[in-house]
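Scroll down for the structure; my scribbles are underneath it.
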Amino acid sequence: MLKIAKPALTTAEWQEVRQALNDISTCGCTDAPRSGSIRDRIGKAIDAVTGHERVPVTLPSRLDAVRRFTCESGRLGRVAQNHVPTLAAQGFSRAQIDAIALLGA
């Protein structure tokens with residue numbers, strides 16, 4: 001968990017943060033393998049053996065930015081500052097961005 005003070009947000013702002021984190025909760029931090037790559041072929045072989053089918057998840061750009069931010073923040077152990085301008089441009093306040101990092105990383 002990151003060491004960030006609890007942001008002061010309104011109920012509506014917390015709801016937006018919660019919704020964004022819920023929307024990306026099953027996406028994971030790795031990008032889908034390139035079609036035809038070794039990773040893709042191995043995944044298809046495992047799916048055939050186990051009987052499970054991978055369902056690619058395509059996120060809207062707003063949520064993909066949240067996913068990338070939370071994943072990188074978690075890897076770094078601090079707020080991934082390079083993603084902050086993108087999230088701010090999408091309408092997240094700095095306090096919401098800190099809350100996303102705090103809860104999502």
Side-chain angles (χ1 to χ4, degrees):
M1 182 173 244
L2 302 179
K3 295 180 181 180
I4 300 173
K6 179 183 171 189
L9 298 173
T10 66
T11 301
E13 289 172 321
W14 276 115
Q15 288 173 340
E16 289 177 33
V17 168
R18 187 185 86 220
Q19 185 63 51
L21 291 174
N22 283 342
D23 290 346
I24 66 163
S25 65
T26 60
C27 296
C29 285
T30 59
D31 292 325
R34 210 172 14 93
S35 181
S37 68
I38 291 174
R39 188 172 145 222
D40 181 51
R41 289 182 281 174
I42 290 172
K44 287 179 181 175
I46 291 171
D47 291 346
V49 170
T50 63
H52 294 103
E53 183 179 343
R54 291 178 296 157
V55 178
V57 177
T58 304
L59 292 172
S61 62
R62 180 175 194 265
L63 292 176
D64 191 52
V66 172
R67 181 188 68 84
R68 290 179 185 281
F69 172 72
T70 58
C71 291
E72 189 170 333
S73 294
R75 279 192 305 270
L76 295 173
R78 58 181 170 77
V79 175
Q81 294 296 334
N82 57 320
H83 293 281
V84 170
T86 302
L87 294 176
Q90 293 178 345
F92 289 105
S93 69
R94 182 56 204 227
Q96 286 178 305
I97 293 168
D98 287 345
I100 290 169
L102 181 65
L103 299 173

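One-based numbering along the sequence shown. What you see is a predicted model; the values in this text were computed from it and never measured.
Partners of Arg94 according to the side chain to side chain contact (heavy atoms under 4.5 Å, CB included) rule, which considers only residues two or more places apart in sequence or in another chain, are Val79, Gln81, Val84, Asp98. Applying the side chain to side chain contact (heavy atoms under 4.5 Å, CB included) rule to Ser61 yields no partners; only residues at least two apart in sequence or on another chain are considered.
Here Ile24 contributes atom CD1 and Thr70 contributes atom OG1; the two are 3.5 Å apart, rounded to the nearest 0.5 Å. Here CZ of Phe92 is found 3.5 Å from CZ of Arg62. Values are rounded to the nearest 0.5 Å. To the nearest 0.5 angstrom, Gln90 atom CD is 9.0 Å from Ile97 atom CD1. Note that CG of Leu63 and CG of Asp23 are 5.0 Å apart. Values are rounded to the nearest 0.5 Å.
Within the 3.5 Å criterion, the main-chain N or O of Glu13 finds a donor-acceptor partner in the side chain of Gln96. At least one donor-acceptor pair under 3.5 Å links the side chain of Ser25 to the backbone N or O of Asn22.
Of all heavy-atom pairs between Pro7 and Trp14, the closest is O-CZ2, 3.5 Å. Here the closest heavy-atom approach between residue Ala95 and residue Leu9 is recorded as CB-CD2, 3.3 Å.
A salt bridge links Asp64 with Arg67: at least one charged nitrogen is closer than 4.0 Å to a carboxylate oxygen.
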Residues Asn82, Glu72; criterion side-chain contact (heavy atoms from CB on, under 4.5 Å); working and verdict:
CA-CA 10 Å; Asn82 57 320; Glu72 189 170 333; 3.2 Å; yes
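Contact of the Phe69 side chain with the Thr86 side chain is not registered, since no non-hydrogen atoms from C-beta on lie closer than 4.5 Å.
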